[in-house]
Protein chains: 2
Amino acid sequence: MGGSCLAERLSHYVTLSSGERAALDRLEEQDRAYRRGAVVISESGAPRDLFVVRKGWLHSSVVLGNGSRQIMRFHFQGDLIGLPLLAFPDPPETVTAVTDATLCPFSRERLAALMTEHPRLAALILALTVAERVSLADRLASIGRTSARARVSSLICEIHSRLRILGLAADGAVQLPLTQEDIGDATGLTAVHVNRMMRGLVEDGLIDRNGSHLRVLDEGRLCAEASFIDRTPVETGWLPPPR
Amino acid sequence: MGGSCLAERLSHYVTLSSGERAALDRLEEQDRAYRRGAVVISESGAPRDLFVVRKGWLHSSVVLGNGSRQIMRFHFQGDLIGLPLLAFPDPPETVTAVTDATLCPFSRERLAALMTEHPRLAALILALTVAERVSLADRLASIGRTSARARVSSLICEIHSRLRILGLAADGAVQLPLTQEDIGDATGLTAVHVNRMMRGLVEDGLIDRNGSHLRVLDEGRLCAEASFIDRTPVETGWLPPPR
DNA sequence: CGCACCTTTGAATGAGATCAAAGATGGTGG
DNA sequence: CCACCATCTTTGATCTCATTCAAAGGTGCG
């Protein structure tokens, strides 16, 4: 396969030393392909691995006692998934492939070894985890305290902003392989109401759609309506020296 | 002050080596007292330190453009706060003291040094951060996908469960220094509606209240209604050896 | 071509918000 | 020690945003 996915991800933030790069390469022996709709980590099954996303979209979700589903977060190229495995024996969330996806698995023992040998990478992974926590908090505020329209707008802003960083949002246009039901499960709304809200956003000239293609027309207004805050990139000034 | 707060916290999960304990003691030179209502970390001000809570209640919150507030999480004795500082230059959340509180500050550079010298502590701190992320996700599901009554129940279950671990919930009774407005801001409801829901829980014999005293009478039913999942303690099996 | 699944639209319902105001509580200063 | 004021809780009435229920178009895939 050639080269660690995690290395690729982390090198967005720091210039990896050759030692770090070698250690990261040793982490992964393989990659695995998943079909659209496949369950990568199930709330019921015992998980064994963490993953880095090489290709594709996924999401993590929880299904509640009443049968409804909450999507916590979408995962794109370079994202670390399965981190809860570090804290809990049983996975608290289900991870599902939204599109066909390729993942790079590695065990937590290997991660432990990596953190021991390369403290800077340990600190960086901690920073990335914290950043994801903050992003979840933003989502929480959006769902807890804003209107349906703002929630949908916020989700679009977040996805658009993250895909743009990956170079997947040429001129505001992104591929959005989600059903309105998915968007509802991510925003705490019903599919029917998501439909009405998106329709409204189109009418007001904020976005445009056809099929799974979505284009952000007026990012400023969209983000403002959503109270969306695009968090600036992760801080790296405090990290220990590389090894 | 004598002894690091963080050491106390981490020793809940692992038996600290003498080297680890010494390093943790070196982390903190002081502790700081805050008055009820004091803002410890402000969304606007530049923060300098992380903290461990020695004594008291705090919460982190965000104020949105429309003026409403979302409380993300309550922080009790032993909790790490200010972690977002590891990822972002400006604090994304405001941390406020709910009661008079004593905090132990330390800089992120010191944390970086600690992680370098003591990889097991680095891994443990990562695991704790992940656990907090999962807890936020649970809250997100509660707010996004359950009724007002279930949200209030869930918050009570969470607080009760966490305080019990700290030995602060004798026979289901906890001190709850929150206004109904606070509870509303944590659950995404209005204070008025929180009142009605709590009243209902009392009527149905699930809880009892007078003043700031709250007693959980039927934990099983309360948690069931709330779809509350008490996450079992943090995994430590995968951690690297101590140093 | 035909069957799933998804989107769209309409009408009725309902959970929670909003508005308003009356009690309760507690901290503060005289 | 008491009176007062601010804050918090409680309750009622009304309103509104989002849900629910239902059914008619689209779309793509096997």
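This is a predicted model, so every value here is computed, not measured. Lettering follows sequence order; numbering is per chain, from 1.
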May I ask you to decide whether A:Arg9 forms a salt bridge with A:Asp79, counting only side-chain N to carboxylate O separations under 4.0 Å? yes
For the pair made of CG in B:Asn210 and C1' in D:dT10, what is the distance, rounded to whole Å? 16 Å
Rounded to whole angstroms, how far apart are CG on B:Asp182 and P on D:dT7? 14 Å
Show which side-chain atoms of residues 193-205 of chain B pair as donor or acceptor with protein atoms under 3.5 Å away, not counting sequence neighbours.
| from | atom 1 | to | atom 2 | distance (Å) |
| --- | --- | --- | --- | --- |
| B:Asn195 | ND2 | B:Gln180 | OE1 | 2.9 |
| B:Asp204 | OD2 | B:Arg149 | NH1 | 3.0 |
| B:Asp204 | OD2 | B:Arg149 | NH2 | 2.9 |

For A:Asn66 and D:dT20, give me the distance from atom CG to atom P, rounded to whole Å. 10 Å
Protein-nucleotide distance (A:Met197, atom CE; D:dT16, atom C1'), rounded to Å: 12 Å
When you compare the side chains of B:Asp182 and B:Thr179, does any donor N or O come within less than 3.5 Å of an acceptor on the partner? yes
Please figure out whether B:Arg149 or B:Arg36 has its closest DNA chain C nucleotide nearer the 5' end. B:Arg149
Between A:Arg164 and A:Asp171, does at least one N-O distance fall below 4.0 Å, as a salt bridge requires? no
Does a side-chain N-to-carboxylate-O contact under 4.0 Å join B:Arg73 and B:Glu93? no
When all nucleic acid strands are considered with a 4.0 Å heavy-atom cut-off, which category describes B:Gly188: base, sugar-phosphate, or nothing? sugar-phosphate
Assess whether a salt bridge exists between B:Glu181 and B:Arg69, defined as any Lys/Arg side-chain N lying under 4.0 Å from an Asp/Glu carboxylate O. no
Which of parallel (below 30°), tilted (30 to 60°) and perpendicular (above 60°) describes A:Phe74 and A:His59? perpendicular
Measure from NE2 on A:His193 to P on C:dG14 and round the result to the nearest Å. 18 Å
Please determine if a side-chain N or O atom of B:Thr190 lies less than 4.0 Å away from the OP1 or OP2 oxygen of C:dA17. yes
For the pair made of CD1 in A:Ile143 and P in D:dA18, what is the distance, rounded to whole Å? 13 Å
Pair A:Ser161, A:Asp230: side-chain N/O donor-acceptor within cut-off below 3.5 Å: yes
Assess the side chains of B:Asp31 and B:Thr102: does a donor N or O sit below 3.5 Å from an acceptor N or O? no
Atom CG of A:Leu189 and atom P of D:dA18: how far apart are they, to the nearest Å? 7 Å
Find the distance B:Arg151:CZ to C:dA17:P and express it as a whole number of Å. 7 Å
Could you run down the sub-3.5 Å N/O contacts of the protein with nucleotides 2-9 of chain C?
| from | atom 1 | to | atom 2 | distance (Å) |
| --- | --- | --- | --- | --- |
| C:dT7 | OP2 | A:Gln180 | N | 2.9 |
| C:dT8 | OP1 | A:Arg199 | NH2 | 2.8 |
| C:dT8 | OP1 | A:Arg209 | NH2 | 3.3 |
| C:dT8 | OP2 | A:Gln180 | NE2 | 2.8 |
| C:dT8 | OP2 | A:Asn195 | ND2 | 2.6 |
| C:dT8 | OP2 | A:Arg209 | NH1 | 3.2 |
| C:dT8 | O5' | A:Asn195 | ND2 | 3.2 |
| C:dT8 | O5' | A:Arg199 | NH2 | 3.3 |
| C:dT9 | OP2 | A:Arg199 | NE | 3.0 |
| C:dT9 | OP2 | A:Arg199 | NH1 | 3.1 |

Between the two ends of the helix from C:dC1-D:dG30 to C:dG30-D:dC1, what is the bend in degrees, rounded to 10 degrees, where each end axis spans five pairs? 50°
